[in-house]
Trainee: 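Below is the structure I would like to discuss, written out as structure tokens.
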Amino acid sequence: ADHELHTPLEDWLNLIHPEDKSRVWEVAQAYLEKRIPKNEVTYRIRHKQGHYIWVLARGMAMWNKEGKPVRMTGTIMDMTTQKETEQLLQEYNQRLEQEVANRTRELQEQQQQIIQLKDFYELILESVNDGIWVTDAKDRITYINHGMTTIAGISREHMFGANVWEYFATGTRGEFQTYALQTKETLQPVHYEAVSVITPAGRHSYQSGWLIPRVKQGRFDGMIATTQDVTERQQLEEALRRQETHLRGIFENAAVGIT
């Protein structure tokens, strides 16, 4: 409730909390000097029982003909409950802001760790000679390492984001899609061995590797593929087979001549 204030000035000032006294006095002075339109301020004042309470004080002065203040009347309203509620809300907001700041910092640290780990693994993937490419659920290439660009004979800029099957020649595509379909249906890794491939650059090659499904919530969500260029090995094996066939023919002919 509002109460009239009839306390002498000095006694009134002595009741104000030391931390609020200068602020209250400055507002009163500004009002009496007509630098502000009203005298209204919230501060702490000592209760008759000795503890401090928060009050909202409103004062009104009366001036004489010369414009000098001759009388001050006012009211005070107990604001303790409201101030305590505001204080609790402020403390809660501060704790909440601190928790948000802590959580944000933790997430930033985790994100930085993920980035560092990603960079580490990409460094490893970029260092291997074998090709590695990754697709999403719609067969679009989302990652391709340096080894794969070397095998394919074109830059990753040309392949990134494109449908992987666009880069297979018609004959090769059918064989590879059979393996890919098996991977999608079984959700299990599938090995392919010495598949004849015409690379995007037009080079005839033989490739071996694995098609490994990416599974999300029990459904196919893309594929990780490894590719090893085994062209030289395949050519060497074919050359050895031809040589073996040739030598076998020589020996068989020789045996016929001897008999």
Side-chain angles (χ1 to χ4, degrees), residues 110-249:
Q110 292 175 2
Q111 185 179 23
Q112 185 62 31
Q113 292 174 356
I114 291 173
I115 292 174
Q116 291 175 350
L117 193 61
K118 176 177 175 291
D119 291 343
F120 172 72
Y121 283 120
E122 283 191 357
L123 179 62
I124 294 176
L125 294 177
E126 291 298 315
S127 301
V128 299
N129 292 326
D130 289 354
I132 299 173
W133 45 276
V134 181
T135 64
D136 61 14
K138 295 183 178 180
D139 296 330
R140 292 172 300 199
I141 299 174
T142 59
Y143 174 79
I144 181 170
N145 76 335
H146 177 72
M148 192 64 231
T149 63
T150 301
I151 294 173
I154 59 175
S155 68
R156 73 181 73 198
E157 287 76 14
H158 283 87
M159 301 182 70
F160 187 83
N163 187 290
V164 65
W165 303 117
E166 295 178 5
Y167 292 97
F168 283 91
T170 303
T172 304
R173 185 187 308 159
E175 187 170 2
F176 252 104
Q177 284 183 323
T178 300
Y179 290 116
L181 183 61
Q182 182 181 348
T183 303
K184 291 180 180 181
E185 290 178 346
T186 64
L187 298 181
Q188 295 294 323
V190 173
H191 180 67
Y192 61 96
E193 180 64 32
V195 175
S196 178
V197 177
I198 304 299
T199 69
R203 178 177 65 90
H204 181 258
S205 67
Y206 291 92
Q207 298 176 13
S208 299
W210 286 90
L211 301 180
I212 305 167
R214 299 166 62 194
V215 182
K216 184 177 181 180
Q217 297 179 347
R219 302 180 65 179
F220 179 80
D221 194 48
M223 189 163 51
I224 301 172
T226 65
T227 301
Q228 183 181 23
D229 192 330
V230 295
T231 304
E232 292 184 3
R233 187 193 72 187
Q234 192 70 13
Q235 290 174 343
L236 179 60
E237 290 176 356
E238 290 180 358
L240 289 174
R241 284 194 293 270
R242 288 195 299 270
Q243 182 68 15
E244 181 182 0
T245 301
H246 176 67
L247 291 175
R248 184 181 296 111

Trainee: Around N129, counting heavy atoms of other residues, nucleotides and ligands shown, do more than 12 lie under 6.0 Å from its CG?
Mentor: no
Trainee: Distance check, rounded to the nearest 0.5 Å: W210 atom CH2 versus E193 atom CD?
Mentor: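 CD of E193 is found 10.0 Å from CH2 of W210.
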Trainee: For residues Y206 and H204, establish whether the separation of their ring centroids is below 6.0 Å.
Mentor: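 That pair passes the under 6.0 Å test.
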Trainee: So which heavy atom on T135 is nearest to which on R214, and how close?
Mentor: O-NH1, 2.9 Å
Trainee: Can you tell me if Q111 has over 12 outside heavy atoms packed within less than 6.0 Å of its CD?
Mentor: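 Not buried by this count: 12 neighbours or fewer within 6.0 Å.
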Trainee: Can you tell me how far OG1 of T149 sits from CD of E126, rounded to the nearest 0.5 angstrom?
Mentor: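 E126 CD to T149 OG1: 7.5 Å, rounded to 0.5 Å.
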Trainee: How close do T199 and S205 get, heavy atom to heavy atom, and via which atoms?
Mentor: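 Taking every non-hydrogen atom into account, CG2-OG, 3.6 Å.
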Trainee: Salt-bridge test for K184 and D139: reply yes if a basic N is under 4.0 Å from a carboxylate O, no otherwise.
Mentor: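 A salt bridge is present here (some side-chain N lies under 4.0 Å from a carboxylate O).
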Trainee: Nearest 0.5 Å please: distance from the NE2 atom of H146 over to the CD1 atom of I151.
Mentor: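 Rounded to the nearest 0.5 Å, the NE2-CD1 separation comes out at 10.5 Å.
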Trainee: Hey, is CD on Q110 packed in by over 12 heavy atoms from elsewhere, all under 6.0 Å?
Mentor: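 Yes - once you tally the heavy atoms of other residues, nucleotides and ligands closer than 6.0 Å, there are more than 12.
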Trainee: In this structure, are over 12 heavy atoms from other groups packed under 6.0 Å from R203 atom CZ?
Mentor: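 Counting neighbours around CZ of R203, more than 12 heavy atoms of other residues, nucleotides or ligands fall under 6.0 Å, so yes.
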Trainee: Calculate, to the nearest 0.5 Å, the distance between atoms OH and CZ belonging to Y143 and F160 respectively.
Mentor: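 If I round to the nearest 0.5 Å, the distance is 10.5 Å.
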Trainee: Would a 4.5 Å heavy-atom cut-off, applied to side chains only, mark Y179 and H191 as touching?
Mentor: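 With C-beta onward as the side chain, the pair stays apart.
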Trainee: Let me know which of I141, L125, T142 forms a side chain to side chain contact (heavy atoms under 4.5 Å, CB included) with V134.
Mentor: T142
Trainee: Rounded to the nearest 0.5 Å, what separates atom CG in L181 from atom CZ in F176?
Mentor: 14.5 Å
Trainee: Find out whether R233 and S208 are in side-chain contact, i.e. whether some heavy atom of one side chain is under 4.5 Å from a heavy atom of the other.
Mentor: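 Yes; the side chains approach each other to less than 4.5 Å.
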Trainee: Rounded to the nearest 0.5 Å, what separates atom CD1 in I132 from atom OG1 in T227?
Mentor: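 I132 CD1 to T227 OG1: 9.0 Å, rounded to 0.5 Å.
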Trainee: Of all the heavy-atom pairs spanning T186 and Q182, show the shortest one and how long it is.
Mentor: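 Residues T186 and Q182, closest heavy atoms: OG1-O, 2.7 Å.
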Trainee: Can you give me the closest heavy-atom contact between G218 and L187, atom names plus distance?
Mentor: O-CD1, 3.5 Å
Trainee: Taking side chain to side chain contact (heavy atoms under 4.5 Å, CB included) as the criterion, tell me which of V197, T226, T231 meets it with Q207.
Mentor: V197
Trainee: To check you understand the geometry: which heavy-atom pair defines the closest contact between T183 and I212, and what is its length?
Mentor: CG2-C, 4.3 Å
Trainee: Side chain of N145, backbone of D130: donor and acceptor closer than 3.5 Å?
Mentor: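 Such a contact is found between N145 side chain and D130 backbone.
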Trainee: Considering all heavy atoms of both residues, which atom of P189 and which atom of P213 are nearest to each other, and what is their separation?
Mentor: N-CD, 3.7 Å
